[in-house]
Colleague: 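Sharing a structure, written as C-alpha cells. Questions coming.
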There are 2 protein chains.
Amino acid sequence: MEDEHNYSASNYRTPDGAPTDIVIFTITSRERESGKKSLPIRELQLLLIQRKVWPFIGKWALPGGFTRESETVQECAERELLEETGVSDVHIEYFNVYSMPGRDPRGWMISHAFLALVKEDVLLDRRASVDAADVRLLRVSEALSLELAFDHGIIIGDALHKIREKMLTTTIAKEFLPEEFTIGELYQVIQTVIPEFEEKNFIRKVTSTQIRKGIIEEVREETGELKSSNKYSQRAAQLYRFTDYEPQLSIYS
Amino acid sequence: MEDEHNYSASNYRTPDGAPTDIVIFTITSRERESGKKSLPIRELQLLLIQRKVWPFIGKWALPGGFTRESETVQECAERELLEETGVSDVHIEYFNVYSMPGRDPRGWMISHAFLALVKEDVLLDRRASVDAADVRLLRVSEALSLELAFDHGIIIGDALHKIREKMLTTTIAKEFLPEEFTIGELYQVIQTVIPEFEEKNFIRKVTSTQIRKGIIEEVREETGELKSSNKYSQRAAQLYRFTDYEPQLSIYS
DNA sequence: TTAATAGTGTCTTTCAGACACTATTAT
DNA sequence: ATAATAGTGTCTGAAAGACACTATTAA
C-alpha cells in the first residue's frame, strides 16, 4: 500500500472477504394427470446447496463464493453461478448487501446478494459443485421452513419480496417463459410468484388497452397468419412474445 | 482466523476496505424578485466535498468513509452523514455497490453507495469534516460537469436515475416537503427532480381520483375547517399531508 | 357429449386529456 | 385593476370492473 502518500486506512481492520450469495429462482411445471390437455401445475422453487465444510456443515445454503480482486461482484456472481450450476447467460441481478456484524463465523464478511431467474430446462443438467455435498431445487415455502446457513433465510425472504415487486412492475415474467407463450401461461407465471394475483379481464387488459398492449405482441407465422398453440388446451390459443418496451409507472399519472 | 476448521478463504487476498459513498440530494428554494407573492425557484442540488488528502487531492468527491467491523454499511453511512454534515434522522437508503477493479488507487475497495434526501433547512448548519477542505452544495448539472474523484461521476448518475424513478413510483417527494404542503409545492418538487414532468390536470388526479387520492389527505384546523396557506399566492391554497399509504403499481392492472 | 381452456358482448362507472373558465386577494 | 396562483365545468373517448356468454376441439 501507498504509505508514502500518507494513506492510513491500511492501519485499520479490513474485511476478510466479499462473498456473493445467489438466490436462484425457477418455476417448475408438472402435468396434471387428468387425461385431457390442461395447464400444468407450476411451482416457484429455488436452488440450494447443502454445505459440506465448516461453518454450518450439513445446513442448506445459497450458492455463491468469494469475489476476487480482479473482478466485480457481478462477475463473481456470474462465475459462481456457472461453476455451481453450469448455467450462464441468464437474468442475474444485484439486489442487496448484507453486512450485519457476526453474520459469518469465518470473519468479517460483507456479502452481496444476487437474484437469478432461470428457466426450468436450463437447470436440468445442473451439477453439484466441488464443495457442496448436494444441490437441490426446493419449493420456496419448504426452503424458508428449513434452518439455513448464515443469514440466508433473511436473504431469501428479501429476494422473494423483490421478485414479487418486479413481477408486477417490470417484464421479468419473460425470464420464466418461452420466447412465444400464451396469455394463459403468462397469467400462470404471475400467479406462481404472487398467489393472490387476480385480474378478471386479464386477457383484455394485456391485449386491448392502449397503454399496456405495447408490452407484448402477437406472433405470426411466416405466411402472416396469427400463430397459435394448443399445447395446454383443446382450443388453440394465440401466441404472444414480449416486445422490448418497458413501461414506466407513476403514482401521479 | 479459524484454521483448525480447515477454512481456507484467509489464504486469499482480501479487500482493503469497504467504504460507503453518500449522494446527498436537497432541493433549494429561492424567492423570485417579482414583488408579488409567487412560487420560488427550486433547484436540485447535491453536497460534495473537496478532497484534501491523496488520492484525487483537490477534486470534488462524495462524502463517505470506511465501514468498521462493528457496524453495518447502513450504520456506517448514517455515521458518516452525521460526522460530515451534522445531519441525522433523514431518509438514507442503500442503492448500489461499486466494485470495478482499480476504481480506488488506495487498493481493493468495494464501495456501497447510499442516497440521502435532505430538506434544505437541515443542511443550513452543515460543517466541513476534519478531512475535507471544503463542503459545498452544487447544482446537479454543475456537479456532473466537474472532474470528480474515483468513479463518483458514475455513482451520481446512477443516483440521479434512481431518485427520478422513485420520485414517480413512491412518495419520496415528502422528503423534500414540509409536513403540510400545497399541491403547487408538490408539483414543483416533482418537476425539480424530473424537469419533463407535466400533468395537465394534476390537482384533480391527485385529489379526486379513487386510486390516487389515498396518498395525500387534506389538512384541517383543530376547529375542523380546511386549512390553507397563502405563502405562495394571493389566493390561499388547500394544505395537504402525505398519508402512510404507499401505492402498489402494476403493469398488468 | 364433455371437460378444459380461449375468448367476446355489453353494461356501468370511473378516469384521462383538453381547455376554457371562474375564484381569491396582496399589491 | 392586475398579477399570480388556485381551482371548477364540461366534453370526449378510453379504460376498469363485473359477469354472462360463445368458441374450439381432443378425448
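Just so we're on the same page: letters track the sequence lines, and every chain starts at 1. The structure displayed is predicted, hence computed values, not measured ones.
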Colleague: Hey, does the side-chain of Asn201(B) have a donor or acceptor N/O within less than 3.5 Å of a partner on the base of dA18(C)?
Modeller: yes
Colleague: So does Leu44(A) get a backbone contact from the side chain of Thr192(A), meaning a donor-acceptor N/O pair under 3.5 Å?
Modeller: no
Colleague: Apply side-chain hydrogen bond (donor to acceptor under 3.5 Å, both in side chains) to residues Glu246(B) and Thr171(B) and explain how you reach the verdict.
Modeller: CA-CA 7 Å; Glu246(B) 282 280 341; Thr171(B) 56; 2.4 Å; yes
Colleague: Taking only residues two or more places apart in sequence, or in another chain, which ones meet Glu175(A) in a side-chain hydrogen bond (donor to acceptor under 3.5 Å, both in side chains)?
Modeller: none
Colleague: Tell me whether Thr243(A) contacts the main-chain N or O of Gly214(A) through its side chain, where contact means a donor paired with an acceptor under 3.5 Å.
Modeller: yes
Colleague: Given Leu62(A), which partner from the list Ile49(A), Leu48(A), Ile22(A) fulfils the side chain to side chain contact (heavy atoms under 4.5 Å, CB included) test?
Modeller: Leu48(A)
Colleague: Any pair with a residue in residues 152-172 of chain A that passes ring-ring contact (aromatic ring centres under 6.0 Å, His included), sequence neighbours left out, goes on the list, sorted by first then second residue, please.
Modeller: Phe150(A)-His152(A)
Colleague: Examine distances only and state if a side-chain atom of Gln45(A) and a backbone atom of Glu120(A) form a donor-acceptor pair shorter than 3.5 Å.
Modeller: no
Colleague: Counting the atoms with a prime plus P, OP1 and OP2 as sugar-phosphate, which does Ser228(B) contact under 4.0 Å by heavy atoms, base, sugar-phosphate, or nothing?
Modeller: nothing
Colleague: Going by ring-ring contact (aromatic ring centres under 6.0 Å, His included), name the pairs with one or both residues in residues 220-242 of chain B, residues two or more places apart or in two chains.
Modeller: Phe181(B)-Phe242(B)
Colleague: Does anyone know the first and last nucleotide of DNA chain D in reach of chain A, 5' to 3', at under 4.0 angstrom to a heavy atom?
Modeller: dA14(D) to dA27(D)
Colleague: Using the test salt bridge (Lys or Arg N to Asp or Glu O under 4.0 Å), find all partners of Glu142(A) that sit at least two apart in sequence or belong to another chain.
Modeller: none
Colleague: For Glu43(A) and Arg30(A), indicate whether the former's side chain and the latter's backbone hold a donor-acceptor pair under 3.5 Å.
Modeller: no
Colleague: What does the list of N/O pairs under 3.5 Å between the protein and nucleotides 11-15 of chain C look like, with a distance for each?
Modeller:
from, atom 1, to, atom 2, distance (Å)
dC15(C), OP1, Gln210(B), N, 2.6

Colleague: Show the atom names and distances, to 0.1 Å, of all donor-acceptor pairs under 3.5 Å that link a side chain in residues 196-208 of chain B to residues at least two apart or in another chain.
Modeller:
from, atom 1, to, atom 2, distance (Å)
Glu199(B), OE1, Lys205(B), NZ, 2.5
Thr207(B), OG1, Ile203(B), O, 2.4

Colleague: Between residues 233-241 of chain B and DNA chain C, which residues have a heavy-atom gap below 4.0 Å?
Modeller: Gln234(B), Arg235(B)
Colleague: dA18(C) P sits how many Å from Ile203(B) CD1, rounded?
Modeller: 18 Å
Colleague: In plain terms, say whether Asp134(B) and Arg136(B) are close enough for a salt bridge, that is, a side-chain N and a carboxylate O under 4.0 Å apart.
Modeller: yes
Colleague: Hey, can you pull the donor-acceptor pairs under 3.5 Å for the side chains in residues 217-226 of chain A, sequence neighbours left out?
Modeller:
from, atom 1, to, atom 2, distance (Å)
Glu217(A), OE2, Arg241(A), NH1, 3.3
Arg220(A), NH1, Gly224(A), O, 2.8
Thr223(A), OG1, Glu225(A), N, 3.3

Colleague: Where along residues 186-193 of chain A does a heavy atom fall under 4.0 Å from DNA chain C?
Modeller: none
Colleague: So how far off straight is the helix from dT1(C)-dA27(D) to dT27(C)-dA1(D), going by the axes through five pairs at either end, to 10°?
Modeller: 10°
Colleague: Report the distance from atom CG of Leu39(A) to atom C1' of dA4(C), rounded to the nearest whole Å.
Modeller: 9 Å
Colleague: Need to verify one output field. Residue with the more 5' nearest nucleotide on DNA chain D, Pro40(B) or Asn230(A)?
Modeller: Pro40(B)
Colleague: Could you measure the distance from the CG atom of Leu148(A) to the CD1 atom of Ile156(A)? Nearest 0.5 Å is fine.
Modeller: 5.0 Å
Colleague: Could you give all pairs that pass the salt bridge (Lys or Arg N to Asp or Glu O under 4.0 Å) test and reach residues 153-171 of chain B, with sequence neighbours left out?
Modeller: Glu93(B)-Lys166(B)
